[in-house]
J.: 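Okay, here's the structure, questions in a sec.
Remember, predicted model here, so these are calculated numbers, not experimental data.
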Amino acid sequence: MNRTVVWFRRDLRIYDHEPLYRAARRGAVVPVFVFDPSLLQHPETGAARVSFMVDCLRHLQQDLRRLGGCLILRSGDPVEVLPRLVKETQAEGIYSYTDCERIYGRVRDARLNQALAAQQIKIRWFEPPASRAELMDYPQYRQWWYQEMATPVVPAPAQVTVPSEVISEPLPGLEQLGHCLDGKPIPQGSTRFARQLLQQFLVEKAARYYWQLSYPSAEITTGLSPHIKFGAISVRECVQTIQRADDRGDRRIQRSYHQLISRLRWGNGFTQRFRYLPQLELRSLYSIFDSDGWAFDENLYQAWQQGQTGFPIVDAAARCLQATGGYLSLNFRTRAIYASFLSNLLGMDWRYGALHFMRHLIDGDCPIDHYQWAMQSGVTHCVDKTWTRIYNPQQVAVDRCDPEGLFIKRWVPELAHLAPEQLGAPPPTQGYPPPMLDYRQRRSQRVQQLEQQRNAFLNTDNIVTYLSPMPESILPFGAERYVSEVSWAKIKAPQLFPTALDLDSLDAQQCRELRTWFVAHVNITPPKIRRRNSKFSSDLQQLSLL
């Protein structure tokens with residue numbers, strides 16, 4: 001009987017998993033997950049996220065057992081572990097999805113390709129839905145994405161037969177993986193639970209989602225983001241489930257469905273940008289922003305991390321992140337306000353913010369996290385923008401996102417006695433710090449700085465000459481701050497798989513196509529803010545941030 005090793009990474013499910021389905025149809029399967037020390041000890045790896053991943057693996061084991069199989073667990077460098085496993089099981093080769101989340105993963109997979117070729121072992125790489133090797137312009141990708149999401153979901157195999165002689169290592173505890181729980185509540189990680197969350201959203205939240213998405217106290221998000229990060233449920237299954245759902249003829253529900261599907265598309269779009277330009281993990285898109293340098297103050301950075309800035313909405317976000325991992329209460333708008341404060345008002349490198357987020361977010365996904373951080377810092381979607389969105393962290397933010405003060409009072413109990421209209425600029429309060437900066441002054445300075453930096457390339461037709469190339473050193477940001485396993489980053493001139501765009505070889509048409517990924521495709525104007533007296537106003541217009 002044919003035997004195929006199926007390597008699981010960020011696809012911890014049996015449904016809509018083409019490598020597993022194809023392997024099971026051709027014969028016996030060796031489903032394997034490798035605990036990789038370079039990922040477990042990456043400076044951006046957070047304990048809560050690892051704990052959630054372990055739970056996803058536990059449930060994947062159960063799902064495979066229901067199909068007659070099991071999950072084989074191994075530890076070590078996959079470049080060494082996988083060829084050894086192929087020989088041990090007498091498999092014919094390996095099936096796996098490509099993965100573009102991190103530079104490390106692409107270095108590892110390129111090394112694996114070389115090691116397998118040297119031993120004459122075959123590997124077949126499958127493209128995840130919504131991932132494309134070819135460069136296309138963004139409008140074309142958007143159209144193609146909807147076509148991809150409309151293709152049938154791959155069914156679970158009828159049976160998974162695993163050779164009985166293959167022995168698995170036991171599922172390790174968090175401490176064995178080099179991490180300790182930090183008090184965050186960890187959601188259950190499984191396909192079944194992800195489906196329950198989606199159904200709960202469709203029944204209970206859809207009528208309010210579009211209008212309440214900016215309010216963290218509403219907790220209106222789906223809660224699916226950690227499951228999507230680790231592939232416990234596929235984006236395609238989510239999209240098709242939403243499209244099949246009954247909207248009850250309610251325009252509010254229809255808009256919410258559309259908004260949620262758009263956000264799923266945006267997430268895939270961030271990953272596609274990283275496929276083209278993996279340097280976005282380490283650098284700003286345009287070289288001028290990093291070459292000009294950033295400010296940094298350790299004391300201010302720690303105050304921002306710990307929620308001691310003197311701006312209640314910012315401090316509430318800081319404390320919520322560290323206490324919960326952010327996947328429910330810390331919604332997009334609140335994350336944006338928190339991020340904008342560090343880079344635009346404190347003037348610090350966005351990478352320090354992305355590092356902190358990734359160490360705490362249970363749903364932390366490098367392309368989404370890093371790209372959004374760079375965008376909120378004003379250094380990404382700006383080739384055709386003459387204005388800068390810098391969130392006002394004072395009463396404007398309270399009125400827009402927390403008009404009743406529920407979120408702030410939960411996470412900043414020092415201010416629980418104040419009225420909502422006082423939470424933007426609270427009076428001197430025992431136990432709570434005064435504001436660490438003057439908002440208007442810092443905003444003016446940042447706007448002037450960004451305008452000066454953007455003038456170098458604003459509205460230019462060809463942005464390629466202004467883009468940051470891959471750095472000579474691929475050492476992860478933050479490796480000097482945290483104990484990390486980064487020996488892989490010392491490889492000189494490493495190859496990547498999948499390969500990145502070669503910026504020096506792009507022709508004029510390709511340069512135009514690449515540019516479309518870094519402009520706004522809708523007319524986004526600065527929002528006009530007004531006080532909202534109701535708890536959750538139904539006239540809130542969400543910005544479409546592409």
J.: Looking at side-chain heavy atoms only, is the closest gap between T45 and H179 below 4.5 Å?
T.: yes

J.: Quick check against the 3.5 Å criterion: does E281 have a side-chain atom that pairs as donor or acceptor with the backbone of I103?
T.: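 Answer holds: yes.
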
J.: Side-chain contact test, heavy atoms from C-beta onward, threshold under 4.5 Å: evaluate it for R102 versus F274 and give yes or no.
T.: no

J.: Could you tell me if R443 sits above the aromatic ring of Y391, with its cationic atom closer than 6.0 Å to the ring centre and no more than 45 degrees from the axis?
T.: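 Verdict for Y391: no cation-pi partner in R443.
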
J.: Flag this pair as yes if the NZ/CZ of R108 is under 6.0 angstrom from the six-membered ring centre of W488 and inside a 45 degree cone about the axis; otherwise no.
T.: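 Cation-pi check for R108 and W488: fails.
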
J.: Can a donor-acceptor pair be found between the side chains of H381 and Q376 at a distance below 3.5 Å?
T.: no

J.: Compute the centroid of each ring, for Y439 and then for F311, and state whether the two points are separated by less than 6.0 Å.
T.: no

J.: Are any non-hydrogen side-chain atoms of C401 and I337 less than 4.5 angstrom apart?
T.: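 Counting from C-beta outward, C401 and I337 do come under 4.5 Å.
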
J.: Does W517 have its ring centroid less than 6.0 Å away from the ring centroid of Y141?
T.: yes

J.: Do the side chain of S291 and the main chain of S287 share a donor and acceptor less than 3.5 angstrom apart?
T.: yes

J.: State, yes or no, whether a side-chain contact exists between I242 and L264 at a heavy-atom distance under 4.5 Å.
T.: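 Touching, per the 4.5 Å side-chain cut-off.
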
J.: Consider only side-chain N and O atoms of T516 and D137, and report whether a donor and an acceptor are under 3.5 Å apart.
T.: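 Looking only at side-chain atoms, D137 and T516 do not form any donor-acceptor pair under 3.5 Å.
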
J.: Is the charged tip of R273 near the ring of Y371: under 6.0 Å from the six-membered ring centre and within 45° of its axis?
T.: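 Judged by the rule (NZ or CZ under 6.0 Å from the ring centre, within 45° of its axis), R273 counts as positioned above Y371.
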
J.: Does either side chain, that of R446 or that of Q449, offer a donor lying less than 3.5 Å from an acceptor on the other one?
T.: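 Yes, because at least one side-chain N or O of R446 sits under 3.5 Å from a partner of the opposite role on Q449.
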
J.: Establish, from distance only, whether the side-chain atoms of S487 and E485 form a donor-acceptor pair under 3.5 Å.
T.: yes

J.: Is any side-chain heavy atom of V383 closer than 4.5 Å to a side-chain heavy atom of R515?
T.: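 Yes, their side chains come closer than 4.5 Å.
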
J.: Step by step, work out the side-chain hydrogen bond (donor to acceptor under 3.5 Å, both in side chains) result for R333 and S214.
T.: CA-CA 5 Å; R333 189 71 60 204; S214 285; 3.3 Å; yes

J.: Under a plain distance cut-off of 3.5 Å, with no hydrogens placed, do Q212 and R208 share a side-chain donor-acceptor pair?
T.: yes

J.: Please confirm whether F52 and H227 have ring centers closer than 6.0 angstrom.
T.: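 Yes, the ring of F52 comes within the 6.0 Å limit of the ring of H227, centre to centre.
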
J.: Check the side chains of D315 and W411 for a donor-acceptor pair under 3.5 angstrom, ignoring hydrogens and angles.
T.: no

J.: Y338 and W304: ring-ring contact (aromatic ring centres under 6.0 Å, His included), yes or no, with the steps?
T.: CA-CA 9 Å; Y338 187 32; W304 174 84; 4.2 Å; yes

J.: Measure across I313 and P393 and return the closest heavy-atom pair with its distance rounded to 0.1 Å.
T.: CG2-O, 3.3 Å

J.: May I ask you to test the I186-D55 pair for a side-chain heavy-atom distance under 4.5 Å?
T.: no

J.: Would you say L355 and Y482 make side-chain contact, with heavy atoms under 4.5 Å?
T.: yes

J.: Does a salt bridge link D365 with R10, judged by any charged N lying under 4.0 Å from a carboxylate O?
T.: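 The answer is yes: the pair qualifies as a salt bridge.
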
J.: Tell me whether the guanidinium CZ or amine NZ of R255 lies under 6.0 angstrom from the six-membered ring centre of Y210 and within 45° of its axis.
T.: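 Yes, R255 and Y210 form such a contact.
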
J.: Going through the distances and angles, do V464 and L506 end up as a side chain to side chain contact (heavy atoms under 4.5 Å, CB included)?
T.: CA-CA 9 Å; V464 171; L506 299 183; 4.2 Å; yes

J.: For a side chain to side chain contact (heavy atoms under 4.5 Å, CB included) check, start with the C-alpha distance between M470 and I474, then their side-chain angles and the critical distance, and finish with the verdict.
T.: CA-CA 8 Å; M470 274 290 291; I474 56 173; 3.9 Å; yes

J.: Between the side chains of E414 and T429, is a donor N or O closer than 3.5 angstrom to an acceptor N or O?
T.: no

